[in-house]
Amino acid sequence: MSQNSIYHRPENTLLALALTLAGMTAFTPIFAAGKLSGGLLPVAALVWLRFLGGAATIVGVATVKRVPVFTRLSALWKLHLMRSFCGVGGLACSIYAASVLPLADATAIGLTKGIIAIVLAGLILKEVITGRHWVAGVLCAAGAYLVVRSAETGAGYDDLALTGVVAALMGAIFMACEALIMRYIAQREDTITILAYVNVFAAILLSGPVLWLIVKDGIAWQNLLLFAWMGPLAIVGQSLNISAYRRAGAATLAPVYYGTVLLSAAFGFAVWGEIPTRIAVLGAVLIIAGGAVLTLPNPFRKIRQAS
């Protein structure tokens, strides 16, 4: 039995959708960590805490389950390293964007990763891109755009907010690339190995610069401990995402991630009392419509087969 047959799961779009939604729910407060910290910690320290805590969590799980993660080098270690770079870049850009923009705005702008992932999935992974993928992507992108337009930003986008928009777009590119790598690896290695490599690699890459920053700026360790929850929560979210990618292609799951704007809007309302406008509600309807186009049975397929 090949590795692909061991870790591959039958295609199940609805289950993959549920797993993806649960995974993104776990990541919503992580992406909002910059705003939650209120400037208490720099973005680099928050990203480091997320990966360091994730590494400690997954290595502990591997030890308990006796998974020989590092006794032999993974044949896909280069892809794990590439994914760690993409993960660090995507998270850093997303946290920064959310710290200078309204959370729903930053999330919606970052959702351009769906369109990027659809294109890259067809070009690189040679996945079949159907008309449904494109219709779902366009509907969700239009909805996300309306959510961005509806945001009340006072005097409008200033220079600082403009850097947030650029950061959100860069984060989208990083995360789209990470999604493709995850789709490839998820069907060839077990979940614990995948999570251990990406979290340990990222923690090692960041430890030197961030420790120097902590000493230089005199950051209190008590403040760092306040955000120790990010690592374990990220492991939960990553595990759900990997399980989803074993059941559906990157092109199929990409539009589903537009639902994160709804999660961000709910989180923003619960924490900061942000209330969506009518245009934002219309955008949410388009996002849901995009998800429906992607997941509901095609009524025309049976008609064509019958004819």
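The figures here come from the full heavy-atom set of this structure, side chains too, leaving out hydrogens, waters and symmetry mates. Keep in mind that what you see is a predicted model, and the values were worked out from it rather than measured.
Summarising the geometry of Ala234 relative to Phe27, their closest heavy-atom pair is O-CZ, 3.7 Å, with the distance given to 0.1 Å. Thr191 and Ile242 make their closest contact through OG1-CG2, 3.9 Å (heavy atoms, listed as atom of the first residue, atom of the second, distance). Nearest heavy atoms, Thr107 versus Ser264: OG1-OG, 2.7 Å. Ala167 and Tyr96 get closest at one heavy-atom pair: CB-CD2, 3.7 Å. The two residues Ala98 and Lys35 come nearest to each other via the heavy atoms O-CE, 3.0 Å. Closest approach of Glu189 and Ala75 over heavy atoms only: OE2-N, 4.4 Å.
Remark: Leu211 CG to Lys216 NZ distance equals 14.5 Å, nearest 0.5 Å. Interatomic distance, Ile185 CD1 to Arg83 CZ, rounded to the nearest 0.5 Å: 6.5 Å. To the nearest 0.5 Å, atoms CZ (Phe31) and CD1 (Ile95) are separated by 8.0 Å. Interatomic distance, Thr25 OG1 to Leu233 CG, rounded to the nearest 0.5 Å: 10.0 Å. To the nearest 0.5 angstrom, Leu46 atom CG is 5.0 Å from Ser37 atom OG.
A cation-pi arrangement is present between Arg188 and Tyr184, with the terminal nitrogen or guanidinium carbon under 6.0 Å from the aromatic centre and inside a 45° cone about the axis.
In this structure, Phe174 and Val88 have side chains that are not in contact, with every pair of non-hydrogen atoms separated by 4.5 Å or more. With contacts defined as side-chain heavy-atom distances shorter than 4.5 Å, the pair Leu205/Phe85 qualifies. Between Leu224 and Ile214, the closest side-chain pair of non-hydrogen atoms falls below 4.5 Å.
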Evaluation steps, side chain to side chain contact (heavy atoms under 4.5 Å, CB included), between Leu139 and Trp134: CA-CA 9 Å; Leu139 285 174; Trp134 292 112; over 6 Å; no
Stepwise side chain to side chain contact (heavy atoms under 4.5 Å, CB included) check, Met175 with Ser94: CA-CA 10 Å; Met175 287 187 283; Ser94 298; 3.4 Å; yes
Residue pair Leu240, Thr20: steps toward the side chain to side chain contact (heavy atoms under 4.5 Å, CB included) verdict: CA-CA 7 Å; Leu240 293 168; Thr20 301; over 6 Å; no
Derivation and outcome, side chain to side chain contact (heavy atoms under 4.5 Å, CB included), residues Leu41 and Leu49: CA-CA 10 Å; Leu41 296 174; Leu49 286 171; 4.0 Å; yes
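There is a path of hydrophobic side-chain contacts, each under 4.5 Å, that joins Trp221 to Val210. Each of Leu21 and Leu19 belongs to its own hydrophobic cluster when Ile, Leu, Val, Met, Phe, Trp and Tyr are linked at side-chain heavy-atom distances under 4.5 angstrom. Linking Ile, Leu, Val, Met, Phe, Trp and Tyr whenever their side-chain heavy atoms come within less than 4.5 Å leaves Val200 and Val198 in two separate clusters. Linking ILVMFWY residues whenever their side-chain heavy atoms come closer than 4.5 Å, directly or via other members, places Leu81 and Leu73 in the same cluster. Met82 and Met182 fall within the same hydrophobic cluster, defined by Ile, Leu, Val, Met, Phe, Trp and Tyr side-chain heavy atoms under 4.5 Å apart, directly or through other members.
Atom CH2 of Trp272 has more than 12 neighbouring heavy atoms from other residues, nucleotides or ligands inside a 6.0 Å radius.
Counting only distance, with no hydrogens or angles, the side chain of Ser243 and the backbone of Ser239 share no donor-acceptor pair below 3.5 Å. With hydrogens and angles ignored, the 3.5 Å screen pairs a side-chain donor or acceptor of Trp229 with a backbone N or O of Leu226. A donor-acceptor contact shorter than 3.5 Å links the side chain of Asp190 to the backbone of Ile192.
Screening residues 46-66 for side-chain hydrogen bond (donor to acceptor under 3.5 Å, both in side chains) gives Trp48-Ser207, Arg50-Asn199, Arg50-Gln238 as the qualifying pairs, with residues at least two apart or on separate chains.
Of the N and O atoms on the side chains of Tyr197 and Ser84, not one donor lies less than 3.5 Å from an acceptor on the other residue.
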